[in-house]
Amino acid sequence: MDIYRNSIQRYSIAVFSHLMLIVAWHLFVTLGNVPKFVMPSPYATLQALLEPNYRWPENIMVTTIEIFGGYFLAVIGGIGLALLFSWFRIFEMITMPLLVSLNMVPKVALGPLILVWFSYGIGPNIAMAFAISFFPIVLTTARGLQEVEPDLLDLVRSVRGSRWQLFAKIQLPGALPYIFSGMKVAAILAVAGAIVGEFLGSSRGLGYLMLQVQVTLDTAAMFMAVILITLIGMVLYGIVLGLERLLVVRDARI
Amino acid sequence: MSEPFIRLVGVQKVYRVRGAEFPAVSEATFDIEQGELVSLVGPSGCGKTTLLKIIAGLHSYDAGELRIGTQTQPFDPSRDIGMVFQQPLLLKWRRIVDNVLLPAEILGLPLAESRERARDLLRLVGLSGSEEKYPYELSGGMQQRAAIARALVHDPKLILMDEPFGALDALTREKMNLELLRIWQESGKTILFITHGITEAVFLGTRVIVLTAGPARMADNFRVNLPHPRTLDMKTHEAFGEYTRRIYNLLGMN
Ligand SMILES: Nc1ncnc2c1ncn2[C@@H]1O[C@H](COP(=O)(O)OP(=O)(O)O)[C@@H](O)[C@H]1O
Ligand SMILES: [Mg+2]
């Protein structure tokens, strides 16, 4: 009961501080007579949604697909690769140094190349979101799978547990907190990746729209686009957080 | 006299690390009878853990002979060993009862029966009411009790304990000593108890085996003729003092 009341209290406070920010924004713009092309008011920002030429629903859809698609592939590929590492040591020994170097490549610099490879459209932006969110997931998962107490290993061996049992009962559940910490970092990166992709070359999506309205100095539409991108990111992050709550016991979270 | 449950004759172990040889156990010869609680005492690094792992079948040995089990008490190395370590090593994401179940799960024992047994064992170790809790909700001493229950769940004939109370505070440790004696008497298991605590070794053991440092060499092996059930005030008895003095002398501390 107490915990319940506490969380209601916390959420109310969070909603309140967000509202306060919007009010402060409104006051700043109106009292300061800030020109609309520098900073629109919250109301003007909302009004940008009424402009049919901006095709909001379609652009939101495209950006969402890019972010979620790239992220989903990164999660599958990242966890999969880390599993291969833990099953085949020799594969890890060969591939891991490569991965560490590749991780140092600024993924944004790959943009023009990715365009060449995947041509124009959703494809390269998914690839960009993937490329940027893939590494943290591989690295944290691989690390999590390595963390097995040697004595625990002996305990399993003393009852002749198989490698699969060790993996399924100890390694994988033990790695879950690490996997989720990588997935949370990756969720934020995937959003950045997709938008950078749209900036570099695209004909649809919220990032593309921002470049379009920049020319006409429709700052309100740019604000709206940024807010929508943030909201998409928050939904993704929220899903990951919810999954973590569901799958990881409280004290095991990192 | 009938065959002993465990017989070691001239067991030797040499660790080979990067070409160099480190003798860890130079000569271990002793018998353990069915139902005994034998204390193995010696200074840190003298090879106690190595010897325990040899008996558990986790380490090979280089010379000598090791036999466990008799005609009447056959020994199955895959399911007749229970292990307790210095750390409880409970899985953070499992409830206490599910932690206790781990060896039974690995061995593929019937789950409903094992669960029943796990609950009985938790009662035996004084943890009834904590079955559904997570490890983080338990104190260190309580976690170690759960680890003892886990070592008993598959009904092994031999329990190997490697400094199980070494990480506990002094008072909890005394309490756990009494608990262990009670559990030993109620379960009738054969227990090999490793410790570097001299009083603990005498207080618990039906017999004490003393190892001297590097490489482990048998220095003594004597029966402790103190009545059961043991009580804490026995520690002040003359006979008790003689036993501990005997060990101190062997370890060159007098
Ligand atoms: N896997 C290993 N490889 C090489 N040396 C080891 C290994 N395990 C233990 N040793 C060495 O063997 C000696 C005995 O170790 P151990 O059996 O752990 O002693 P104890 O349990 O009595 O403290 C120590 O000197 C230790 O450094
Ligand atoms: Mg040791």
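Convention: sequence-line order gives letters A, B, ...; per-chain numbering from 1.
- Judged by distance alone, the side chains of B/Gln12 and B/Ser26 never bring a donor and an acceptor atom under 3.5 Å apart.
- Between A/Phe167 and A/Trp164, the two ring planes are tilted [angle within 30° to 60°].
- Proximity to chain A is absent for every atom of B/Leu160, based on heavy atoms less than 4.5 angstrom apart.
- Comment: A/Arg204 does not engage A/Glu198 in a salt bridge, judged by the lack of any side-chain N to carboxylate O separation of less than 4.0 angstrom.
- Listed here is the closest heavy atom pair of B/Gln144 and B/Gln87: NE2-C, 4.2 Å.
- Both the backbone and the side chain of B/Leu58 come within less than 4.5 Å of a heavy atom of chain A.
- Proximity to chain A among residues 60-77 of chain B is limited to B/Pro77, judged by heavy-atom separations below 4.5 angstrom.
- Ion pairing between B/Arg173 and B/Glu200 holds under the 4.0 Å rule for side-chain N and carboxylate O.
- Pairs of residues two or more places apart, or lying in two chains, that qualify as side chain to side chain donor-acceptor pair (under 3.5 Å) and include a residue from residues 128-150 of chain A are A/Glu92-A/Gln146, A/Arg143-A/Glu147, A/Glu147-A/Tyr178.
- Per-residue counts of heavy-atom pairs under 4.5 Å with chain A were compared for B/Ile81, B/Leu107, B/Asp162; the largest is that of B/Leu107.
- For B/Glu105, the parts lying under 4.5 angstrom from a heavy atom of chain A are both the backbone and the side chain.
- Contact tally against chain B (heavy-atom pairs below 4.5 Å) for A/Asp154, A/Leu152, A/Leu247: the top residue is A/Asp154.
- Within the 4.5 angstrom heavy-atom criterion, no atom of A/Leu166 approaches chain B.
- Classification of B/Arg117 and B/Asp120 as a salt-bridged pair fails, no side-chain N sitting under 4.0 Å from a carboxylate O.
- B/Lys189 has no carboxylate O lying under 4.0 Å from a charged side-chain N of B/Asp80, or vice versa, which leaves the two without a salt bridge.
- A salt bridge is defined here as a Lys NZ or Arg NE, NH1 or NH2 lying under 4.0 Å from an Asp or Glu carboxylate O, and B/Asp155 with B/Arg79 fails to meet this definition.
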